[in-house]
Amino acid sequence: MHMIIGAIVYAEDEEVALEKGKTIFKNLVEKEYFDYYTTMDEEFINNFPPVMRADSKDGKRFIRDNWRATKREFMKAYEKCKWILDHLTPEQIMEDKIPESLREEASKVSVLGLVRYWFYELGAYKGPRIWLYDDNEEGIREKWHLKEVLRKWNRPGYGNLNVYVVPADVHY
């Protein structure tokens, strides 16, 4: 499956931002969170430019949409985990076993055979549930993290750098 993720990076210009983004995506692939990636300078996909200033109209929209996607993925995993906790015993969860009487309902909510997987997905730090990454290659999972990244963590040394978002099409 494919998804368009973004790396929010600090750089002097678009060229440096693109290289930083590529490094982040390369590392995510090497660590096997994704199978491969393509940046928008390599292949024009969905009308995304290769690099956007985070404070531009397109950059703000991209970040907003990807943050919403991260929240949507979290809620999907949360609802499945809630169903599991409401219907199964700790032993059934540990053994990934759903009683025959619950199999049809479990199938409808897509937890059949994936009981423990959904807890893993709920706590994901990187990979298909996370749509934005920061300059340090960390998945942005919380609103406060996103705000701090966009403010450059209010730390000295970043003042002369711009905030960019680099999109990439990743496969997982």
Side-chain angles (χ1 to χ4, degrees), residues 1-9 17 20-40 43 45-52 54-88 92-94 96 98 102-103 105-151 153 163-172:
M1 301 218 11
H2 287 265
M3 61 191 282
I4 306 292
I5 64 171
I8 300 174
V9 299
K20 283 181 126 182
K22 285 182 177 184
T23 299
I24 290 169
F25 303 133
K26 178 179 164 271
N27 290 338
L28 291 169
V29 168
E30 285 178 357
K31 293 175 183 172
E32 299 182 351
Y33 289 104
F34 299 104
D35 301 325
Y36 59 86
Y37 76 92
T38 304
T39 52
M40 304 304 153
E43 188 175 313
I45 304 169
N46 292 330
N47 298 321
F48 290 115
V51 178
M52 296 170 271
D55 59 358
S56 71
K57 182 179 176 182
D58 288 340
K60 286 179 182 178
R61 182 181 311 120
F62 183 87
I63 291 167
R64 180 198 67 218
D65 291 349
N66 279 41
W67 175 245
R68 286 178 179 166
T70 295
K71 288 188 341 185
R72 182 179 60 243
E73 291 298 317
F74 175 86
M75 290 308 298
K76 184 189 305 181
Y78 170 81
E79 290 300 327
K80 291 176 188 307
C81 290
K82 184 173 179 340
W83 185 93
I84 291 165
L85 289 170
D86 288 346
H87 291 85
L88 302 179
Q92 290 167 330
I93 293 170
M94 186 171 183
D96 207 357
I98 297 174
L102 291 174
R103 285 191 174 281
E105 187 178 347
S107 179
K108 288 178 186 173
V109 294
S110 300
V111 297
L112 197 58
L114 299 169
V115 173
R116 293 181 77 172
Y117 165 82
W118 285 109
F119 289 96
Y120 172 81
E121 290 296 312
L122 184 66
Y125 284 86
K126 296 179 182 176
R129 301 266 174 235
I130 308 297
W131 293 63
L132 290 169
Y133 293 83
D134 70 14
D135 197 65
N136 295 315
E137 194 182 306
E138 294 300 319
I140 298 174
R141 304 173 349 125
E142 298 97 1
K143 187 71 170 179
W144 69 265
H145 187 171
L146 178 58
K147 287 179 181 179
E148 289 298 315
V149 167
L150 293 173
R151 288 192 299 226
W153 296 97
V163 182
Y164 294 96
V165 61
V166 180
D169 177 8
V170 293
H171 183 269
Y172 63 97

Only counting residues at least two apart or in another chain, list the ones meeting salt bridge (charged side-chain N to carboxylate O under 4.0 Å, His left out) with [X].
| X | value |
| --- | --- |
| Glu121 | Arg129 |
| Lys20 | Asp135 |
| Lys147 | none |
| Glu148 | Arg151 |

N/O donor-acceptor pair under 3.5 Å between [X] side chain and [Y] backbone:
| X | Y | result |
| --- | --- | --- |
| Asp134 | Asn136 | yes |
| Thr70 | Trp131 | yes |
| Lys80 | Tyr117 | no |
| His171 | His2 | no |
| Arg141 | Ile130 | no |

Looking only at non-hydrogen atoms, find the nearest pair between [X] and [Y] and report the distance.
| X | Y | value |
| --- | --- | --- |
| Ala17 | Val166 | O-CG2, 3.4 Å |
| Pro49 | Pro167 | O-CG, 3.3 Å |
| Asn66 | Gly6 | ND2-N, 3.8 Å |
| Lys31 | Glu137 | NZ-OE2, 2.9 Å |
| Gly21 | Ala7 | CA-CB, 4.2 Å |
| Ala54 | Leu150 | CB-CD2, 4.1 Å |

>> For Tyr37, give me all partners under ring pair (Phe, Tyr, Trp, His ring centres under 6.0 Å), at least two apart in sequence or on another chain.
In response: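 Ring pair (Phe, Tyr, Trp, His ring centres under 6.0 Å) list for Tyr37, sorted by chain: Phe25.
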>> My understanding is that only residues two or more places apart in sequence, or in another chain, count here; which of them pass ring pair (Phe, Tyr, Trp, His ring centres under 6.0 Å) with Trp153?
In response: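 Per chain and number, Trp153 pairs via ring pair (Phe, Tyr, Trp, His ring centres under 6.0 Å) with His145.
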> Is any side-chain heavy atom of Asp55 less than 4.5 Å from a side-chain heavy atom of Val163?
Replying inline: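 SC-SC contact between Asp55 and Val163 ruled out.
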> Can you check whether Asp169 reaches Met40 side chain to side chain, under 4.5 Å on heavy atoms?
Replying inline: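 With C-beta onward as the side chain, the pair touches.
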Could you tell me the separation between the [atom1] atom of [X] and the [atom2] atom of [Y], rounded to the nearest 0.5 Å?
| X | Y | atom1 | atom2 | answer |
| --- | --- | --- | --- | --- |
| Ile8 | Glu138 | CD1 | CD | 13.5 Å |
| Leu132 | Leu146 | CG | CG | 6.5 Å |
| Lys22 | Asn27 | NZ | CG | 14.0 Å |
| Leu114 | Asp96 | CG | CG | 7.0 Å |

> Excluding sequence neighbours, so at least two apart, what forms side chain to side chain donor-acceptor pair (under 3.5 Å) with Lys71?
Replying inline: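 Residues passing side chain to side chain donor-acceptor pair (under 3.5 Å) with Lys71: none at all.
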> What pairs with Lys60 under side chain to side chain donor-acceptor pair (under 3.5 Å), at least two apart in sequence or on another chain?
Replying inline: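 Once residues adjacent in sequence are excluded, Lys60 has no partner under the side chain to side chain donor-acceptor pair (under 3.5 Å) criterion.
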>> Are more than 12 heavy atoms, taken from residues, nucleotides or ligands other than Glu30, located less than 6.0 Å from that residue's CD atom?
In response: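 For Glu30, atom CD is crowded (more than 12 foreign heavy atoms under 6.0 Å).
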>> So for atom CE, which belongs to Met75, do other residues, nucleotides or ligands contribute more than 12 heavy atoms lying within a distance under 6.0 Å?
In response: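 Yes, enclosed.
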> How far apart are the C-alpha atoms of His87 and Ile98, what are their side-chain angles, what is the distance that settles it, and do they pass the side-chain contact (heavy atoms from CB on, under 4.5 Å) test?
Replying inline: CA-CA 9 Å; His87 291 85; Ile98 297 174; over 6 Å; no
Listed by chain and number, what are the side-chain contact (heavy atoms from CB on, under 4.5 Å) partners of [X], not counting sequence neighbours?
| X | result |
| --- | --- |
| Ser56 | Met52, Arg53, Asp58 |
| Phe34 | Met3, Ile5, Leu28, Val29, Pro128, Tyr133, Val170, Tyr172 |
| Arg64 | Arg61, Arg68 |
| Ile84 | Leu88, Ile93, Val111, Val115, Trp118, Phe119 |

> Is Lys76 paired with Glu73 through a side-chain N to carboxylate O contact shorter than 4.0 Å?
Replying inline: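 Counted as a salt bridge, because a side-chain N and a carboxylate O are separated by less than 4.0 Å.
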